Every structure is written in structure tokens, then in C-alpha cells.
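Residue numbers start from 1 in every chain, and the chains themselves are labelled A, B, ... in the order their sequence lines are given, proteins ahead of strands. Keep in mind that the numbers below use all heavy atoms, side chains included, and drop hydrogens, waters and symmetry copies. Keep in mind that this is a model prediction, so the values were computed, not measured.
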Amino acid sequence: MTESYDFKNLEAKWQSLWAESREFEVTEDPTKPELYCLEMLPYPSGGGIHMGHVRNYSIGDVVARYKRMSGYNVLHPIGWDSLGMPAENAAIQHKAHPARWTLNNIKKMRAQLKRMGYSYAWDREVTTCLPEYYKWNQWFFLKMMERGLVYRQKGKVNWCPNCQTVLANEQAEGGHCWRCETEVEEREQEQWFFKITAYADRLLEDMSQLVPNWPENVLTMQRNWIGKSVGVRIGFPVVDSNYKVETFTTRIDTIYGATFLILSSEHPLIGKLIEGSPEKERVLSFIERQKSLSYKDRIAAAACKEGVFTGSFAYNPFTNKLIPIWVANFVLIEYGTGAVMGVPAHDERDFEFALQYGLPIKVVIQPPGEESDGAQLDQAYTGEGVLVNSGEFNSLPSPVAIERMTEYIVQQGIGQRNVDYRLMDWGISRQRYWGTPIPIVYCPKCGTVPVPEEELPVLLPEIKEITGTGGSPISQVEEFVNTKCPKCNEPAWRETDTMDTFVDSSWYHLRYTDAKIDTKPLNPEAVDYWMPVDLYIGGIEHAVMHLMYFRFFNKVLKDMGLVKVDEPVVHLLTQGMVIKDGAKMSKSKGNVVEPKELIERYGADSTRLFCLFAAPPEKDLDWNDQGIEGCYRFLSRLWRIANKYIPSIRNLEELPKDARLSAEAKKLRVKTHQTIKKVTIDIEERMHFNTALSSIMELVNELYRFDLAGEINPDSLKVVKETIQALVLLLSPFAPHLCEELWQRMGNPNKITFASWPIYNAELATEEKITVVVQINGKLRSRLTVDSQASDEEIKREAMADKKVLTYLQGKKIVKSIYVPKKLINIVVK
RNA sequence: GCGAAAGUGGCGGAAUUGGUAGACGCGCUGGAUUUAGGAUCCAGUGGGUAAUUCCCGUGGGGGUUCGAAUCCCCCCUUUCGCACCA
């Protein structure tokens with residue numbers, strides 16, 4: 001009777017041994033190649049770790065363990081992104097103390113991660129909600145301020161007039177307050193900003209360093225997010241006034257086709273334009289309607305283009321003709337100048353708008369080799385072409401016209417060259433409790449005064465009750481608000497906004513390199529040793545915002561001399577979502593799978609395995625409950641056959657490379673070496689763990705087939721040993737507990753953590769026979785089994801002599817044949 | 001709406017560079033073992049067909065090619081992001 005696979009005891013045993021030996025702690029060792037494997041740190045929510053975490057961290061752990069076995073000094077840290085709204089919401093909803101709630105969750109989740117057997121350097125844990133961490137957020141804020149990268153300006157917030165408080169977008173979904181259903185208003189409020197736009201060009205240009213190690217789709221999204229556009233600013237003089245409507249365009253070559261102007265509903269000029277106009281009331285009510293929508297809803301509503309005429313006209317500075325000025329919902333104040341010239345013939349949105357309101361459409365660009373006019377246009381032509389109806393610029397191709405017209409504008413002083421970005425500065429102010437206090441004091445005499453460095457941290461005050469109403473919670477704590485001006489020592493008050501939590505996650509990876517240093521935020525030697533991060537793994541949902549802020553911080557820190565690298569991350573892996581029954585797991589849908597239950601039932605190794613086996617990392621993972629059972633079965637299968645052979649193979653010597661073997665044993669040996677090759681490539685080059693695992697499964701199946709043949713002689717047993725050894729080593733990054741146990745039972749005195757990754761022998765991985773397929777007119781008609789050493793001529797000769805092939809060739813004429821060496825022959829016949 | 005992806009058997013997926021579609025796993029079917037059930041081991045399993053036969057087949061439609069899941073065009077569906085969720 002063989003011993004059953006008792007994952008519970010086995011996993012507990014190895015977890016405590018790893019903890020005891022501080023197995024995964026590392027020091028900066030200049031004699032070893034270093035590798036920094038980083039996963040996005042979790043938010044310690046009340047629900048504990050979820051499948052998304054398990055997937056993320058299982059992927060990272062495979063890489064960390066694999067690299068350790070490949071001789072790298074591996075930094076693999078974890079921490080807690082522990083400031084943020086959920087803690088505050090818990091406090092509002094069930095009066096949980098945010099600090100206690102958060103620290104409890106951390107405790108729970110730490111135990112869960114340990115129970116998964118992840119190989120973290122636990123001595124480097126970072127907890128962002130502790131003053132020892134957020135103190136340095138404040139320090140960075142001050143340093144950025146010194147560098148002119150911080151400013152205060154009015155910014156929009158969602159405001160609930162009933163709760164008298166600012167709402168997050170998710171609390172204002174559908175335009176109603178999450179607590180009281182009151183309609184949400186948009187309000188302007190003074191906010192702190194980081195000047196990320198000052199780095200727009202560098203963020204854009206340095207992306208070239210990220211190719212090809214960042215996914216192309218992430219780079220594209222970032223590029224589009226920055227949205228650099230090169231064009232001109234040009235003013236349209238308003239009739240009977242001194243005002244000009246400033247517009248920005250990248251397609252100045254289309255200006256002769258500008259038959260109207262469109263302003264955003266928040267454009268400052270509107271008031272003046274409609275003064276005394278019969279359209280005034282209609283415009284005002286349109287603006288009111290726009291105001292009542294949140295930013296997100298407004299964007300959604302802009303799908304249906306809507307607008308009103310202001311009653312005013314402007315001159316088109318090129319045609320000198322009068323064109324009407326409109327206000328419309330699809331022009332945003334945030335972008336460009338908040339006003340655009342409407343060129344319906346050559347812009348889709350303008351075209352749609354013009355059709356809807358019967359505005360003139362004038363063709364000024366002709367597609368190469370085509371003629372078109374407004375009458376027969378059924379859609380806008382947005383490409384480049386040759387100019388027509390454009391006065392002295394006629395017959396110029398677009399790019400030339402753009403340059404000439406730009407020169408003309410500059411000469412005439414009616415506009416300038418301009419580069420515009422879609423990227424906006426990073427608003428970091430939050431009117432919330434559970435965040436980093438912004439280190440600023442307002443003094444009636446001295447104005448806005450930064451808190452001196454020596455006075456950091458500005459501690460988040462204790463607070464009795466968070467109500468979620470009445471403005472920023474810490475503004476109600478008098479002892480906090482009332483202070484003395486650091487400059488003149490007179491009474492002053494503190495800033496009560498806290499920071500966006502994206503600040504915390506912008507530099508935590510640097511803190512991991514020395515999480516204990518308390519005299520400064522970072523230890524330069526440690527940073528230089530470990531940075532850049534070699535592999536960063538996290539959800540695709542962070543493709544733009546987090547990863548943009550993360551890159552921005554790195555660049556600022558580089559300019560401060562704190563980091564040497566241009567880019568923080570060499571290789572990025574974005575994992576897909578964990579889906580069940582076709583939908584994202586969520587409590588409201590009731591399709592949540594709890595990792596806790598899986599671990600209890602199947603163990604950590606099986607749980608890890610399924611997450612890695614079910615899909616490649618970048619794709620969404622569709623959860624199904626039976627899948628994990630298959631992984632559990634597979635581990636049990638390996639457990640049984642390994643234990644069956646271990647007593648008879650543990651003391652065997654290594655099998656020489658050129659040993660003469662039976663056909664069966666040879667087959668197993670070839671498969672073993674092929675598997676080592678395949679798994680190594682899959683991890684190292686493709687990070688496709690699902691196919692790595694499937695080939696490991698194939699090798700186990702092969703071993704069972706061999707076992708069934710019942711061949712027992714010393715050399716065959718040595719092959720079995722080679723196979724089992726390879727299996728245990730190859731699988732150990734995926735299922736570390738089971739493999740540690742088998743490794744030990746095979747008589748290895750040291751843990752598998754630092755065992756050497758197996759190396760395949762190319763000669764032994766080569767099969768003796770290969771299959772070449774024969775196609776007739778692209779259809780598969782026959783397969784040839786030939787010696788792998790056979791020459792191309794031999795293979796071709798054999799194909800032409802093949803019985804099945806001959807029947808297809810009868811009465812036909814061979815037109816040509818295509819030969820793909822050692823793979824395929826396609827004979828084209830007529 | 002804008003930006004970015006994905007779609008292959010009953011299911012998750014494989015096919016790495018345009019060259020054997022469906023590896024591996026789940027499920028299902030049959031067999032062995034067992035007092036029985038479970039577990040285990042072996043075999044089969046895209047659809048159609050009497051067939052190891054031929055035909056069809058990678059969301060739908062069109063195209064390029066000797067050859068397309070893979071490249072191009074159009075359409076449909078799903079997912080992610082859109083700046084205060086993290």
C-alpha cells in the first residue's frame with residue numbers, strides 16, 4: 001500500500017522549514033547576478049486574498065524560484081498597499097477603526113500568502129499606511145515642490161450637497177450619491193497637482209527602451225494616453241468684438257473647410273458671446289444640462305452629439321468668411337483650448353454634427369487620385385490628400401500645406417506652432433481620512449508654507465468617528481488643523497487633504513530594496529544593486545494610470561539623483577482577469593471562488609498549479625471547479641510513481657550519456673530531455689506556464705507507460721531516476737512543497753530552492769524518426785516516417801514513391817512542389 | 001463615444017516564424033481492479049460517414065497565398081481602461 005499524497009502535513013512541514021531557515025531572504029551580493037521579481041502589492045481588503053492575487057503571485061513565484069535555481073540572487077518582496085477608500089468605507093459602514101481594520105486584514109492576508117508557499121523575502125515587507133512609510137510620501141512631495149513639480153489649482157470634484165462631501169467616481173456612479181441617492185453635482189475646489197505633463201515627452205520617448213519587453217498593447221495605451229499632437233493654435237476673430245476664439249488643430253491644411261466653430265460648454269467666452277443674444281436662454285439651459293452630468297456620463301453622452309448656436313459669428317482667418325459659433329457636448333474643456341474649428345468634410349465628429357444641424361460641408365482635401373465634393377460625400381474623408389478650394393494653397397499635398405500654412409500663420413501673427421498633450425497633470429488631493437496628510441501649512445502672514453523636512457511625518461490624527469459627511473474628516477480634528485506657521489511661528493492651519501494612494505504605489509518597489517532604513521527614504525547602494533525591476537507582474541487594468549505614475553516617479557527620482565535608471569521596469573507581464581461563468585468574479589454576481597476553500601480541499605500546490613495551467617498569464621482565466629481536481633490528480637499521480645521508484649533508485653549512479661538502452665528506455669530518456677528543453681524555453685522565453693505544465697504532464701504519462709512495460713534492469717532504472725529527478729526539478733517552481741518532499745526522499749541533503757535547474761542534452765533530445773507530411777494541392781494526403789538523418793533528396797524521393805501519393809498523382813500533371821525541410825511537401829497538380 | 005485586446009470541440013486551452021488544427025487537462029464512453037461505491041490503471045473521444053474512407057470545420061462575410069486559426073478588408077460579440085476603486 002503506497003502512502004497517500006498528504007498535502008496538508010507536507011505543505012505545513014516545508015512552510016515551517018522555509019520560515020525557520022529564512023529561506024528567501026537575500027542580501028546584496030555583488031558576486032552573484034541579481035534579479036528583481038516584483039508583483040503588484042495587494043490592497044488588504046476584508047475579503048482576504050482572492051483568485052486574482054493567487055494567480056498574480058503564483059506567476060511571480062514560478063519566475064522567482066526558477067531564477068533562483070538558475071543561479072540568480074533573487075529579490076522577491078511583498079507588501080501592503082494599505083491606505084485607501086475601502087478602510088474608510090468600512091469605518092463609515094460598520095464603524096470599524098481604519099487602522100485596526102487594515103492591520104487585521106494584513107495579518108490575515110499575510111498568513112494566507114504564507115499558506116500558499118510563496119517565496120517572499122518576508123523581512124522586507126512594506127506597509128504603506130504606517131508613518132514610517134508615508135513619511136517619505138511627504139518627503140517626496142516637498143522635494144518635488146522644491147523642483148517646481150507641485151502646484152495648487154482649482155480642479156473638479158463630485159459633490160454630494162446632502163452629505164456635504166466629495167465623492168469618488170465609484171461613489172457617484174450614475175450621477176447619484178452612493179449613500180443618500182442625492183444627485184451629484186460637479187464642483188470646483190482647490191487641489192494639489194503633480195506636474196506629470198512636464199515629463200510627457202520623456203515618458204513618451206523612453207518607451208523605445210521598453211520595446212520589446214513590455215506588451216505592445218500597454219505601450220500603445222500609454223502612447224495614446226499621453227496623446228501628443230503637434231499642430232497650431234489659431235485665433236478666430238469674433239464679429240463685432242475684440243475677442244478671439246482660440247482653437248488648436250493638427251490639420252491646419254483643412255482650415256478652408258472650417259464652416260463653424262464649436263466651444264465646450266464650459267468655455268469662458270460663452271458668457272460674452274451670448275450677452276444680448278436671442279439664443280441666450282437656449283444656450284444657458286444647454287450648459288445647465290451638461291453641468292448636471294459627471295465627467296464620465298458626459299463622455300458617454302457625447303456619443304449623441306448635441307449642440308446649440310450661440311448667435312455669434314467669427315471670421316475664418318483664411319477665407320475671411322463668417323462662420324457660426326456653436327456650443328456642443330463633444331468638445332471638452334480639458335483638451336486643447338476647449339474650442340475647435342468644425343471641418344465637417346474631413347472630421348467624422350464634425351461631419352455628423354453638421355448633418356444633424358444642417359451646417360455647410362465644404363470639401364478641401366481630395367483623396368489621392370479621386371475627386372469628391374460635398375454633395376456626394378456620405379462620410380468624412382479624414383486622410384491626407386491634395387488641397388482644393390483652398391486659395392493659394394490649392395494642389396499642395398497635405399504635409400506640405402500644413403508646413404506652409406503654419407509658416408503663414410506665424411508670419412501673420414494670427415497663431416503659433418503648438419504641441420498639445422492629452423495627458424493632464426496628476427491631481428493628488430483627496431478629501432479623505434485614510435491617506436497621507438499633505439505636508440502644508442497655511443499661514444495668514446506667510447501664505448502657503450511647506451512643513452520643514454525635520455518635522456516629518458505629519459501624522460494622520462486619530463479620529464473617533466468617520467461619518468462620510470461634512471467634508472474632509474481630518475478638517476474636523478482641531479488639534480490637527482490648528483498649528484503654528486513653521487516660518488513665523490504664528491497661529492496657522494494645516495492642509496487637510498490627503499494624497500492619492502497612487503503616490504504610495506509609485507515608489508514602494510524602491511523601498512523594498514532596503515525597507516528598514518529610517519534616516520532617508522532610500523538606501524542608494526541597495527537601490528543601485530537591485531534596480532531596475534527585471535520583471536513586474538500585475539493586472540492589465542493598471543496598463544495606463546498606475547504604470548504611468550510609476551514611470552513618472554522614477555524619472556523625477558532620477559533627476560533627484562536617487563535612481564540611476566531611466567525606466568523602473570525592464571520586463572512587464574500583464575495578467576488577464578480571473579473570470580467565472582463568463583463574468584468577473586464579484587460578490588454581487590455570487591460567482592466568487594475563495595482560495596481558502598481550495599487550499600483546504602486540494603492544497604496550495606494544486607491551487608497554484610491550476611492558476612498556471614488553465615491559461616497563459618496574459619489571457620483571462622476562466623475558472624471552473626473541476627479543473628483544479630485534474631491538477632490535484634496529476635500531483636497525486638506523480639507522487640505515487642515517484643514514491644514507487646525512489647527506494648530502488650535513490651542510491652543509483654548517474655547514467656552515462658552514451659549508455660546503450662532498450663527501445664523503451666531510450667524513448668523515456670528522449671522524452672525527458674525534450675521536456676527539460678520545452679519547460680526551460682516556456683518559462684524563460686515565453687512565460688507560458690500552461691504549456692510548460694502540459695509537457696511535464698506528458699512526461700509523467702510517458703513514465704507510466706514505461707512502468708507498464710515492466711522493464712527492470714539497472715540501466716533502465718537509471719533512466720527512471722533521470723526522469724524523476726528532472727520531473728521534480730522542473731515542477732518545483734510550480735508545486736514547491738511536493739517537490740521539496742520528493743527531492744528530500746531521493747536523498748538530497750539540501751533544499752530544492754537552490755538546486756541547479758536541469759540542463760538538457762541536445763543529442764539526447766533528438767528523436768530517431770521524424771514525420772514528414774505530404775500534401776496534394778494543400779490537402780494532407782499522407783504521412784511519411786523517415787530517419788531524422790535522412791537527406792532532403794531521400795525524403796522527396798520517398799514522398800513521390802508513396803502509394804497514397806501515387807493514387808492522387810494518377811492522370812494529373814505536377815505543376816510544382818514546395819518542400820519545407822524535414823516537415824512538409826506540398827505537390828501542386830492539375 | 002474614445003483607446004486597447006480577445007473569439008479554436010461539450011468546457012479550459014495547444015498549434016513558438018504562414019506549413020500535420022484540437023497537445024495537455026476537464027467532461028463523457030468503454031474496459032480492468034474492487035463485496036459495492038469512491039479512488040486507481042488502460043483505451044477511445046471535433047462534426048458528418050458503413051469505413052484508418054472521403055467531406056466539413058478555428059465568431060460571420062470577403063480577399064491574398066501552393067498552403068491561413070495565424071496576414072489584409074468589412075461586420076458581430078465579449079473584456080479592460082477613460083484621470084477620486086486599487
Side-chain angles (χ1 to χ4, degrees), chain A residues 4 40-43 45 81 84-86 89 155-158 166-172 191 215-218 220-221 223-225 227 295-296 299-305 330 334 349 422-432 500-502 504-505 539-546 548 574 576-577 579 582-584 610 613-616 618-631 633-634 636-637 640 681-682 685-686 688 690-691 693-698 701 704-705 707-708 771-775 777-780 783 815-818 820 823-828:
Chain A
S4 72
M40 290 181 186
L41 80 179
Y43 180 86
S45 71
D81 185 16
M85 286 212 326
N89 291 344
K156 283 177 199 163
V157 292
N158 301 310
V166 174
L167 299 177
N169 285 341
E170 66 165 13
Q171 297 174 325
Q191 311 251 44
E216 190 51 49
N217 59 335
V218 173
T220 308
M221 281 191 260
R223 208 172 286 123
N224 293 340
W225 186 262
Y295 179 75
K296 231 174 183 168
I299 286 173
C304 278
K305 292 180 183 52
F330 65 99
E334 288 83 2
R349 290 156 303 178
R422 207 190 71 101
L423 182 71
M424 301 184 283
D425 277 333
W426 175 10
I428 59 149
S429 282
R430 299 291 181 270
Q431 292 71 41
R432 289 184 213 297
D500 179 7
T501 55
F502 273 128
D504 313 42
S505 54
I540 182 69
E541 65 273 20
H542 296 291
V544 195
M545 300 186 64
H546 163 63
M548 190 73 77
T574 47
M577 315 266 300
I579 300 283
K584 188 175 169 172
F610 182 68
F613 180 65
E618 68 278 6
K619 286 181 73 173
D620 285 347
L621 186 153
D622 204 322
W623 186 267
N624 93 342
D625 293 325
Q626 279 145 348
I628 189 168
E629 198 137 347
C631 289
R633 269 207 294 263
F634 162 71
S636 311
R637 209 163 133 82
R640 277 191 302 272
I681 291 173
D682 278 350
E685 293 171 24
R686 301 206 307 153
H688 275 201
N690 55 333
T691 51
L693 280 167
S694 83
S695 63
I696 294 174
M697 287 173 178
E698 280 181 53
N701 291 345
Y704 268 82
R705 233 165 277 144
D707 178 56
L708 207 68
T771 302
V772 176
V773 298
V774 188
Q775 296 182 335
N777 288 344
K779 291 201 169 181
L780 174 72
R783 289 167 215 265
V815 181
K816 65 168 163 177
S817 70
I818 291 105
V820 182
K823 259 191 162 168
L824 169 145
I825 300 171
N826 187 12
I827 304 164
V828 184

Taking only N/O atoms, report every protein-nucleotides 84-86 of chain B pair under 3.5 Å with atom names and distance.
unit_1: B:C84; atom_1: OP2; unit_2: A:R430; atom_2: NH2; d: 3.1
unit_1: B:C84; atom_1: O4'; unit_2: A:R430; atom_2: NE; d: 3.2
unit_1: B:C84; atom_1: O4'; unit_2: A:R430; atom_2: NH2; d: 3.4
unit_1: B:C84; atom_1: O3'; unit_2: A:N169; atom_2: N; d: 3.3
unit_1: B:C84; atom_1: O2'; unit_2: A:N169; atom_2: N; d: 2.5
unit_1: B:C84; atom_1: O2'; unit_2: A:N169; atom_2: OD1; d: 3.2
unit_1: B:C84; atom_1: O2; unit_2: A:R432; atom_2: NH2; d: 2.2
unit_1: B:C84; atom_1: N4; unit_2: A:S429; atom_2: O; d: 3.3
unit_1: B:C84; atom_1: N4; unit_2: A:Q431; atom_2: OE1; d: 2.8
unit_1: B:C85; atom_1: OP2; unit_2: A:N169; atom_2: N; d: 3.3
unit_1: B:C85; atom_1: OP2; unit_2: A:E170; atom_2: N; d: 3.0
unit_1: B:C85; atom_1: O4'; unit_2: A:E170; atom_2: OE1; d: 3.1
unit_1: B:C85; atom_1: O4'; unit_2: A:E170; atom_2: OE2; d: 3.4
unit_1: B:A86; atom_1: OP1; unit_2: A:M85; atom_2: N; d: 3.2
unit_1: B:A86; atom_1: O3'; unit_2: A:D81; atom_2: OD2; d: 2.3

Are any protein N/O atoms closer than 3.5 Å to N/O atoms in nucleotides 41-43 of chain B? If there are, list each pair with its distance.
unit_1: B:C41; atom_1: OP1; unit_2: A:R637; atom_2: NH1; d: 2.9
unit_1: B:C41; atom_1: OP1; unit_2: A:R640; atom_2: NH2; d: 3.1
unit_1: B:C42; atom_1: OP2; unit_2: A:R637; atom_2: NH1; d: 3.4

Taken in chain and number order and not counting sequence neighbours, the residues that satisfy ring-ring contact (aromatic ring centres under 6.0 Å, His included) with A:F610 are A:W623
What pairs with A:H688 under ring-ring contact (aromatic ring centres under 6.0 Å, His included), at least two apart in sequence or on another chain? none
Give a yes/no on whether any side-chain N or O of A:K823 is located under 4.0 angstrom from OP1 or OP2 of B:G19. no
Identify the pairs formed between an N or O of the protein and an N or O of nucleotides 5-12 of chain B at a distance under 3.5 Å, and give each distance.
unit_1: B:G12; atom_1: O2'; unit_2: A:A614; atom_2: O; d: 2.9

Duplex segments of RNA chain B, taken as runs of at least three Watson-Crick or G-U pairs that stay under 3.5 Å: B:1-7 with B:76-82, B:10-12 with B:24-26, B:27-32 with B:40-45, B:46-48 with B:54-56, B:59-63 with B:71-75
Please list, pair by pair, any protein nitrogen or oxygen found under 3.5 Å from a nitrogen or oxygen in nucleotides 44-47 of chain B.
none

Pairing residues for A:W426 by the ring-ring contact (aromatic ring centres under 6.0 Å, His included) criterion, not counting sequence neighbours: A:F194, A:Y549
Would you mind calling B:G9 syn or anti? Take O4'-C1'-N9-C4 for purines or O4'-C1'-N1-C2 for pyrimidines, and syn is within 90° of 0. syn
Sequence neighbours excluded, the answer for salt bridge (charged side-chain N to carboxylate O under 4.0 Å, His left out) partners of A:D682 is A:K678, A:R686
Using the C1' atoms only, state how far B:G67 lies from B:A86, rounded to an integer number of Å. 48 Å
Using a 4.0 Å heavy-atom cut-off across all strands, classify A:I696 as base, sugar-phosphate, or nothing. nothing
Extract from the structure each pairing of a protein N or O with an N or O of nucleotides 62-64 of chain B at less than 3.5 Å, listing the distance.
none

Check salt bridge (charged side-chain N to carboxylate O under 4.0 Å, His left out) between A:R633 and all other residues, then give those that pass, not counting sequence neighbours. none
Tell me, please, which residues at least two apart from A:D500 pass salt bridge (charged side-chain N to carboxylate O under 4.0 Å, His left out). A:R430
Just to be sure I understand the rule, does A:V820 reach a base, reach only the sugar-phosphate, or reach nothing, if contact means heavy atoms closer than 4.0 Å? base
Would you tell me if any nitrogen or oxygen in the side chain of A:N690 comes within less than 4.0 Å of OP1 or OP2 on B:A14? yes
